[in-house]
There are 2 protein chains.
Amino acid sequence: MSKINLTIQRKAILEVIQQSHDHPTAADIMERLREEGRSFAYGTIYNSLRYLTDAGMIRELKLGETASRYDARTDEHQHIVCKSCGRVEEVLTELPAEWVSRVAEETKFKVLHADVVLEGMCESCASQ
Amino acid sequence: MSKINLTIQRKAILEVIQQSHDHPTAADIMERLREEGRSFAYGTIYNSLRYLTDAGMIRELKLGETASRYDARTDEHQHIVCKSCGRVEEVLTELPAEWVSRVAEETKFKVLHADVVLEGMCESCASQ
DNA sequence: TACAGATTTATACTTAGTCTAAATCAAAAT
DNA sequence: ATTTTGATTTAGACTAAGTATAAATCTGTA
């Protein structure tokens, strides 16, 4: 029954993520807030990111880098990373359900969820 | 032309990984070596893991946990993690090439590689 | 207005890993 | 057999990302 409690800090952090299209890290978010003149305590950033993630308002992305990134798109989708410039983009083409069910058969797991990180070269890097 | 230089330390670390079937972390490997009475400097473990990874003798797995794991299987395959007990298993069912090429079309990336981490419940956890 | 619970803040701490400089080792050159 | 050279190991300092804690502050209800 817990209703959502969007404090000023949480709202500000959510807005930064919604306005960013590069999947910012916690450090990126802190920096952008500081630039806008509204900086919060270090721990508040992490607390809020967890709160927003748990509330389903953002998604935490673990793409194999050292820091987590955050994404305002919460619908089912995957990500692709450019090895050359580091750019992260959304992948909306859906993973075939048929493949997932074959994995379930192979492993005898009940599969809840699949996270795919593709690596490659983006168009602008490739053209150089 | 650099030939492979397997020092005593590197060989010991490689052996631990080859004999483990749970995808150990650096800390796990250190512990297992200590149990066998052959413990090396902290930094040597990390150095050697990087060396063996670069030499293609092991694979580093980033499964979204805090620490990397290491796998003696270097052939193309994916992983599935049990949310309940943490067990990590291999997934040999191949990702459809057709899906990957549709992603390449969608994103205009040249795709080099796809890493899938599935999450679910393993057979023994599910039966409880 | 006062209290209770939740949130923020500042700061200490933890974990996983990198960096550095000195010591050691191993193989080639003398 | 000894020296030199380059690679590796070691110990320990350092870094990055995130967690934990306790005091201060805020918010909303009695």
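Numbers restart at 1 for each chain; the letters A, B, ... are given by sequence-line order, proteins then strands.
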Is the backbone of A:Leu92 close enough, under 3.5 Å, to the side chain of B:Glu106 for a donor and an acceptor to pair up by distance? yes
Salt bridge (charged side-chain N to carboxylate O under 4.0 Å, His left out): which pairs involve residues 45-64 of chain A, sequence neighbours left out? A:Arg59-A:Asp115
Only pairs under 3.5 Å count here: list side-chain donor-acceptor contacts from residues 34-46 of chain B, not counting sequence neighbours, and write none if there are none.
| unit_1 | atom_1 | unit_2 | atom_2 | d |
| --- | --- | --- | --- | --- |
| B:Glu36 | OE1 | B:Arg38 | NE | 2.8 |
| B:Glu36 | OE1 | B:Arg38 | NH2 | 3.1 |
| B:Arg38 | NH2 | B:Glu15 | OE1 | 3.1 |

Protein within reach of the bases, or only the backbone? For nucleotides 24-30 of chain D, mark each nucleotide 5' to 3' as B, S or -, using heavy atoms under 4.0 Å. -------
Please give, in whole Å, the distance from C:dA16 P to B:Lys62 NZ? 14 Å
For atom CD of A:Glu65 and atom C1' of C:dG17, their distance in whole Å: 16 Å
Test: ring-ring contact (aromatic ring centres under 6.0 Å, His included). Region: residues 95-128 of chain B. Which pairs qualify, not counting sequence neighbours? none
Are the side chains of B:Val116 and A:Val117 in touch, meaning some heavy atoms are under 4.5 Å apart? no
Figure out the CG/C1' separation between A:Leu63 and D:dA17, and round it to whole Å. 15 Å
Does A:Glu76 have any salt bridge (charged side-chain N to carboxylate O under 4.0 Å, His left out) partners at least two apart in sequence or in another chain, and if so, which? none
Every protein N/O within reach of nucleotides 4-8 of chain D N/O, cut-off under 3.5 Å:
| unit_1 | atom_1 | unit_2 | atom_2 | d |
| --- | --- | --- | --- | --- |
| D:dT8 | OP1 | B:Asn5 | ND2 | 2.9 |
| D:dT8 | OP1 | B:Arg10 | NH1 | 3.1 |

Report, one line per pair, each donor and acceptor closer than 3.5 Å where one atom sits in a side chain of residues 121-128 of chain B; sequence neighbours left out.
| unit_1 | atom_1 | unit_2 | atom_2 | d |
| --- | --- | --- | --- | --- |
| B:Ser127 | OG | B:Ser124 | O | 3.0 |
| B:Gln128 | NE2 | B:Ser124 | O | 3.4 |

With sequence neighbours excluded, what pairs up with B:Lys108 under the salt bridge (charged side-chain N to carboxylate O under 4.0 Å, His left out) test? none
Have a look at B:Ser68 and say if it touches a base, only the backbone sugar-phosphate, or nothing, with a 4.0 Å heavy-atom cut-off. sugar-phosphate
Validation: residues 23-31 of chain B side-chain donor-acceptor distances under 3.5 Å, sequence neighbours left out:
| unit_1 | atom_1 | unit_2 | atom_2 | d |
| --- | --- | --- | --- | --- |
| B:His23 | ND1 | B:Val88 | O | 3.3 |
| B:His23 | NE2 | B:Asp71 | OD2 | 3.4 |
| B:His23 | NE2 | B:Glu90 | OE2 | 3.0 |
| B:Thr25 | OG1 | B:Ala27 | N | 3.4 |
| B:Thr25 | OG1 | B:Asp28 | N | 3.1 |
| B:Thr25 | OG1 | B:Asp28 | OD2 | 3.1 |
| B:Asp28 | OD2 | B:Thr25 | N | 2.9 |

Quick check on contacts: within residues 39-48 of chain B, what sits under 4.0 Å from DNA chain D by heavy-atom distance? B:Phe40, B:Ala41, B:Thr44, B:Asn47
Checking A:Glu94 now: which residues fulfil side chain to side chain donor-acceptor pair (under 3.5 Å) with it, not counting sequence neighbours? none
Using whole Å, what does the distance between atom C1' of nucleotide C:dT15 and atom CE of B:Met30 come to? 11 Å
Rounded distance (Å) that lies between atom P of C:dG17 and atom CZ of B:Arg69: 11 Å
Can you list the residues that meet the salt bridge (charged side-chain N to carboxylate O under 4.0 Å, His left out) rule with A:Arg10, with sequence neighbours excluded? none
Whole-Å gap separating C1' (D:dT10) and CZ (B:Arg34): 16 Å
In whole angstroms, the gap separating P of C:dG17 from CG of B:Leu49 amounts to 9 Å
Tell me: CG of A:Leu33 to C1' of C:dT8, nearest whole Å? 14 Å
